[in-house]
Amino acid sequence: MAPRAYWKGTLKLSLVSCPVALYPATTAAEKTRFHMINRETGNRLKQQMVDSGTGDVVESDQKGRGYELRKGKYVEIEPEELEAVQIVSNHAIDIESFVPSDEIDQRYLNHPYYIAPDGKAAVDAFAVIRDAMKDQDRVALAKIVLTNREHIIAIEPLGKGLLGTTLRFPYELRDEDQFFDDIKSPRITKDMVELAGHILHTKAAHFDPSKFKDEYETALKTLVKRKASGKTIELPEREERPSNVVSLMDALKQSLKGRGGKKTAAKSHARRATGRQRSAKKTHRSTARQRKAG
């Protein structure tokens, strides 16, 4: 059975348009979930809204929305007042511009969606827009209204379809300076950087998400299965944390040794040192010849 579309509308590029459907590209359906239960009865618990001041349970007809002006002081917003500022969806994705993909800061990326043509009549126009973006190697930026809020969405080709990713607004990002300004700039020797570079080289690979393993999720499923079958769960002994490494250089050398790269690193380091010595000797001989000729 085909998945249900999250949103349907029209993708527009100037005067070219086609009906499309959006589908969430991610799912949490396979994740292990737990519910709160009553230990005595085994029944599931229900949550209730309680007045923070009186402790009384608040019924649904008494619930409202309020914005906190200051501690404990709220201004109530009525449902019809919210409706007055909500953006009415025109069910259109109107492409406004095309930008190089490498100019999009990854911190802005939010939720991904698959975009597919909605119906056979939409296939031709959809393919034209998709292939034009492939040829130009650009990402489209457009506006879309989802759940009564306007979003910026970045659209790019993905296989036979398109990938649309909603973007965060600038006010949703924290300024990195408040986290990085206090980072000191210590003096790091060239040898340390070279050794670290060797470690990076031994771990070089290509991005392959099929190798990602959610070990905690696997352990949760095993735990639930064992508990449901009546088996006891043995708690593992806590491992002692390793002591802090005093010497950064020693840690780098040990890392290389553990990866079987000590000899390679040593040889490479020796080759560079020899190369520098040879270069220095050549320069010295060349200078001596010039002096003699003069």
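Source: prediction; values computed, not measured.
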Quick check: closest heavy atoms across Trp7 and Ala92, and the distance to 0.1 Å?
CZ2-N, 3.8 Å
Enumerate the side-chain hydrogen bond (donor to acceptor under 3.5 Å, both in side chains) contacts for residues 143-159, please, sequence neighbours excluded, ordered by first and then second residue.
none
For the pair Gln62 (side chain) and Glu59 (backbone), establish whether a donor and an acceptor sit closer than 3.5 Å, ignoring hydrogens and angles.
yes
Do the side chain of His91 and the main chain of Lys8 share a donor and acceptor less than 3.5 angstrom apart?
yes
Spell out, as yes or no, whether a donor-acceptor pair under 3.5 Å connects the side chain of Thr218 to the backbone of Asp214.
yes
Verify, without hydrogens or angle tests, whether Asp51 (side chain) and Thr54 (backbone) share a donor-acceptor contact under 3.5 angstrom.
yes
If I take atom NZ from residue Lys31 and atom CG from residue Leu220, how far apart are they, to the nearest 0.5 angstrom?
9.5 Å
Between the side chain of Arg138 and the main-chain N/O of Ser101, is any donor-acceptor distance below 3.5 Å?
no
Taking the side chain from Thr166 and the backbone from His111, do they hold a donor-acceptor pair closer than 3.5 Å?
yes
Which heavy atom of Asp94 sits nearest a heavy atom of Ala142, and at what distance?
O-CB, 3.3 Å
For Tyr6 and Tyr113, run ring-ring contact (aromatic ring centres under 6.0 Å, His included): C-alpha distance rounded to whole Å, both residues' side-chain angles, the deciding distance at 0.1 Å, then the answer.
CA-CA 9 Å; Tyr6 175 74; Tyr113 296 91; 5.5 Å; yes
In terms of side-chain heavy atoms, does Asp191 have a donor or acceptor partner in Thr189 at a distance below 3.5 Å?
no
Not counting sequence neighbours, which residues clear side chain to side chain contact (heavy atoms under 4.5 Å, CB included) with Asp105? List them please.
Arg107, Tyr108
Keeping to residues at least two apart or across chains, list the salt bridge (charged side-chain N to carboxylate O under 4.0 Å, His left out) pairs with something in residues 64-86.
none
